[in-house]
Structure formats: structure tokens, C-alpha cells
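Just below is one structure, and these are the notes that go with it.
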Amino acid sequence: METPDSTSDHTPAADYDIERIRADFPILGRLVHGFPLVYLDSAASSQKPYSVIQAVDAYYSEIHANVHRGAHELSIRATEAYEGAREVVADHIGAAPAEVIFVRGTTEAINLVAWTWGAAHVAEGDEILLTKMEHHSNMVPWQILAGRAGAVVKYVDVRPDGSLVMEDYDRLLSDRTCLVAVTHVSNTLGVVNPVAEIARKAREAGAVCLVDGAQAAPHMQVDVQAIGCDFYAFSGHKMLAPTGIGALWGRRELLEHMPPWQGGGEMISEVRLDGFTAAPLPHKYEAGTPNIAGAVGFAEAIRYLQRTGLERIHAWERDLTAYALDSLGAVEGLEIYGPKEDRVGVISFRYADIHAHDLATILDQKGVAIRAGHHCNQPLMNHLGVDATARASLYLYNTRSEIDALVDALGLAAKLFGVA
Amino acid sequence: MPGHGSDGLELSSLQDLYQQVILDHYRRPRNKGPLEGATHTLTLNNPLCGDVIDLMLRVEGDRIAEVHFEGKGCSISQASASMMGSVLEGQTIQQALAVMDTFTRMLHGDMDAAADTDLGDLRALAGVAKFPVRVKCALLAWNCLDEMVGPGATPS
Ligand SMILES: Cc1ncc(COP(=O)(O)O)c(C=O)c1O
């Protein structure tokens with residue numbers, strides 16, 4: 001995503017009203033251990049703006065009833081709110097509402113595909129192609145499926161800078177490959193993968209392609225048609241929405257022919273003693289009372305991102321990421337993982353011989369929230385030869401002075417550990 | 001950033017947490033490496049943060065003759081494992097379990113336990129009590145010990 005002024009040296013987002021944006025997020029006003037919160041853990045979960053909190057609140061205060069069930073006013077209004085939210089989500093990613101299934105999050109979306117499409121289409125000897133950088137949620141469901149079906153899981157290699165070895169992909173992709181599942185953006189290294197190319201090659205090889213959008217959807221405009229994949233999974237809570245809501249987009253032809261997943265209310269059009277007829281899309285995959293308030297909050301989160309402008313957010317984050325890479329890069333003894341450019345603001349690093357958990361504890365005492373550990377990326381960490389990294393992840397509400405606070409707090413860690 | 005720049009309270013509890021003794025055990029761990037003639041070995045990890053401790057004991061009769069460990073992880077988990085050996089070697093299993101009990105109480109904030117000289121270097125870990133999420137780091141090696149020779153252990 002290029003912005004016209006990306007080459008000028010003043011901030012590319014001069015019209016970005018950061019103070020107003022920060023004021024939209026009530027939690028950013030609080031103190032942690034007596035210091036202003038510096039929240040650098042949005043890749044784990046983002047904070048929520050007032051408008052999302054209020055949308056959920058207003059839904060419960062004025063509308064709530066069960067959906068698709070009653071002829072009474074509240075049920076009708078709740079159904080409208082829920083299905084209206086689906087339209088917002090679908091529209092946002094260039095899809096039709098019938099192709100958007102509400103789920104708990106990315107993890108549930110991927111499991112849904114593994115247990116339905118997977119159960120119907122993956123047979124003994126088939127190959128499932130993943131990459132070594134996949135989050136555990138885009139790895140374990142496929143390992144479970146492969147174990148059941150007698151299929152084989154293969155992994156595309158990752159270079160030390162975090163980029164995929166595309167020659168390895170070309171080499172591993174074959175007519176035995178039934179599925180390619182890849183993350184759009186790495187949650188540890190911030191790398192943006194060439195998902196359109198990966199999806200095109202998968203299609204040419206006759207394989208279905210699932211993209212894990214958990215770390216991409218919060219930061220960039222996603223168009224599932226332009227990507228050309230078959231499934232796209234993402235979580236609301238990483239993009240300003242409440243927890244417990246996310247979406248699976250699937251190509252209609254595939255969704256039509258997959259067997260249902262969980263059985264129950266909502267997902268049927270008729271039940272007899274000798275069987276049932278599944279409901280039409282998308283309800284076929286939504287058994288039971290859904291997370292209605294979550295969906296309402298999700299829609300408002302997307303509207304918030306749209307009002308602010310994903311292009312402008314992207315420009316702000318790119319500037320901030322460059323600043324963070326420079327600032328952290330200038331700290332002696334600090335090693336940053338991942339690429340220098342074409343990345344999102346998920347920055348993994350190690351600092352001297354101070355373990356990531358110790359760093360996180362020390363930074364927390366200064367109000368700076370970062371993540372430490374393997375980031376649900378154990379195979380990638382093993383591949384990189386590290387047992388844990390510290391990770392600072394940036395979002396639309398972060399500022400340069402927060403990066404300064406991070407660097408300042410690293411100074412305290414250095415002092416405590418006697419690092420020169 | 002308003003509010004930054006004063007190293008007050010937060011610094012003193014961090015200084016308690018990261019005492020020189022702890023950093024010294026972290027950087028120069030004692031008894032780290034394989035143990036010839038080990039009678040007990042067990043690896044435990046902390047799935048949340050990825051700390052790993054592989055604890056090895058050589059037990060003679062009811063006495064712990066040697067304690068070694070391998071592992072990786074934060075300063076607290078590694079220092080705790082390193083200190084364990086210096087404190088427990090030569091003690092009976094019963095004495096070792098009593099130390100474990102006192103140590104555990106200390107980590108949960110018991111001041112009397114923290115004053116118990118039987119803990120030796122381990123007393124330096126008293127500061128962990130102020131950081132409840134780090135207690136499991138300090139206990140990792142001790143969970144290995146407990147599983148191998150504690151009351152619930154199956155006799156080897
Ligand atoms: C790349 C990636 N995939 C999947 C997930 C799982 O998302 P969730 O926990 O919301 O289901 C995450 C988030 O932790 C992620 O970063």
C-alpha cells in the first residue's frame with residue numbers, strides 16, 4: 001500500500017489526529033504501576049474504542065433477544081443487528097454475506113475448515129502444505145486432521161529474515177497437495193507474505209488455499225477476491241472488536257458442499273426423527289445462539305477502522321515501525337528479528353543476555369506492556385534457534401513517545417542486569 | 001512521556017527481584033550439565049513461557065548425593081535450579097522436601113519462611129513473592145523434584 005508522500009521525510013500521516021484517536025480508547029488513559037500505560041501488545045489483542053464499547057452496551061440496553069427465533073420486536077431487532085453486522089464484515093473484505101460465518105475467532109475458523117472441508121476432502125496420502133512460520137492455530141488443526149485422515153503435513157521453509165522460501169513452496173506444491181494454509185502476516189516477525197501468489201499457485205496445482213488473516217486484517221485493507229484464496233480467517237479482538245467474535249470467509253461453492261460442523265439449533269432448516277436438513281448459508285455453520293453482541297461490536301470496530309481510514313492507519317504504523325526499528329536498533333546489544341522493510345509493526349527482539357520474561361517483568365513495572373515467550377510459534381522459534389523473544393507490537397493508537405518509553409525502560413533493565 | 005524518568009518504588013521491588021546472587025546463578029549456573037549415574041531424571045516445561053528444566057538426581061539410600069540440571073529460560077527459573085543443587089546436596093529426601101515446603105511458602109509471601117536459614121542462597125528469591133506470575137518460574141525445578149521424590153512419586 002503506497003501512499004503518495006511515502007518518500008518525503010516528514011511524517012507520512014501529518015493529517016492523522018493521534019490525540020483524538022487516543023482519546024477514543026478509554027483504557028489508554030489509565031496508569032499501570034503508577035506510570036501511563038504504554039500498550040505494545042496489540043498483536044495479542046487490541047484495545048477497544050468507546051464506540052465499540054458503546055455499541056455493545058446499547059445492544060444490551062435496548063435491543064437484546066435471541067435471533068432468528070421470535071416474531072416479537074426485540075428478536076426482530078436483534079436479528080437485524082446480527083445480520084447487519086454480517087453485511088458490514090462481508091462488505092469490508094469484498095465478500096457476500098452468505099459467505100461469512102461468525103465464529104469465536106481465527107482458531108475456531110480454521111478448526112471449522114479442518115473438521116468440515118477437511119473431513120470431506122482429505123484422504124490418505126494427501127499432502128497439506130503449511131509454512132514453518134504458522135501460528136499454532138494454523139498448524140495443530142491440520143496435524144490433527146492429517147493424523148485422522150492419514151495425510152502428510154509439509155512445511156515451506158523460512159529464511160532467517162522471516163521471508164518464505166518461495167522456491168521451496170514451488171518444489172513442495174504438487175498434485176498430491178490438497179490444501180495450502182498460510183498466514184497473511186507473521187505474528188512473530190511481522191513479515192507480510194505474498195498470499196495472492198501463493199493462492200494462485202495453489203489453485204493452479206488444484207489445491208484449496210486458506211489464509212490466516214489474524215495479523216493482517218487489523219492493519220490492511222483485505223480483499224478476498226484480489227487475494228484469490230478459498231478461505232480467509234480473522235479475529236475481531238485483534239482489530240478493536242470484543243473477544244469471542246471473528247469471521248471465516250469461504251468461497252460459496254466450497255461452503256455449499258462441505259458437511260456441517262456442530263449440530264444444533266440455528267443450523268437446520270428441518271429436523272425429523274430420521275435426520276435433518278441443514279440450513280442454507282451461512283447459518284449452516286452457526287449452530288446454537290451466536291455471539292450477537294460480539295458481532296455488533298465487530299461491525300462497529302470495522303466502521304471505526306473505516307472512518308479512520310486503513311490507508312492512513314497503515315501510513316501511521318509504517319512511520320512508527322520505522323521509528324521503532326531505528327530506536328531499538330540503536331540500543332547496543334539488542335537484536336531485532338524479521339525483515340527491515342515491508343513488514344507490520346510486530347517487532348520481536350532479544351536484549352543482551354536478559355531473558356524475554358525478565359524484560360517483560362521489568363518493562364511492566366514502568367507501565368510498558370510487551371509480550372514475552374514463543375508467541376504460539378514454537379516451531380518457528382526452534383527454526384530461528386531461540387527459545388523466547390520479547391515482542392513489541394504497534395497499532396493505530398501508539399506514538400513515538402511510547403517507543404521512547406520502551407527504550408527508556410530497556411535502560412532500566414540494562415541497569416538491573418548490569419548490561420553495559 | 002509524562003511520569004517517566006523516576007525510578008522509585010518499582011525500582012526497589014525490581015532490585016529485590018534481581019539480586020546479584022540471582023544474576024550470578026543465572027550467568028554462572030552451578031551443577032549445570034549431565035549427571036553420571038543419575039538415579040532420577042525428569043524434564044518439565046512451562047508451556048506458557050517456554051522455560052524448560054531437566055532435573056537429574058543421584059540418590060544414595062535416602063540421601064540426595066548430587067543434583068544437576070539442564071535447561072533454558074528466564075533468570076528466575078534458571079537461578080532457582082542452580083541454587084537448588086547448592087542447598088540440597090547431601091541432604092536426606094525428607095530434609096529436601098522440607099526445604100521445598102519452606103521455599104514454596106516464602107514464594108507465597110510468608111515472611112517467617114523467608115527468614116529460615118535452611119534456605120541458604122534460595123532466600124535471594126524472596127522478592128519473587130511480589131511478582132505472582134513469576135512464582136511458577138521459581139518453582140519449575142522444584143516441581144521436578146516433587147514429582148521425582150515427593151510424597152506422590154512412584155518409588156523408582
Ligand atoms: C497469525 C495468528 N493466527 C491465529 C491466531 C489465533 O487467533 P485467536 O486466538 O483469536 O483465535 C493468532 C493470534 O494469536 C495469530 O496471531
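Letters go in sequence order (proteins before strands), and every chain restarts at 1.
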Step by step, would you call B:Arg30 with B:Glu89 a salt bridge (Lys or Arg N to Asp or Glu O under 4.0 Å)? CA-CA 12 Å; B:Arg30 327 292 196 263; B:Glu89 279 186 2; over 6 Å; no
Counting heavy-atom pairs under 4.5 angstrom with chain B, the leader among A:Asp364, A:Ile362, A:Asp404 is A:Ile362
Electrostatic pair B:Arg123:B:Asp116 at N-O distance under 4.0 angstrom:
no
Residues B:Asp146 and B:Trp142: side-chain donor-acceptor under 3.5 angstrom | no
Turns out that what part of A:Leu31 lies under 4.5 Å from chain B's heavy atoms comes down to neither
With A:Tyr397 as partner, the option from A:Phe25, A:Trp316, A:Tyr16 fulfilling ring-ring contact (aromatic ring centres under 6.0 Å, His included) is A:Phe25
When the 4.5 angstrom heavy-atom criterion is applied to B:Leu17 and chain A, the contacting part is side chain
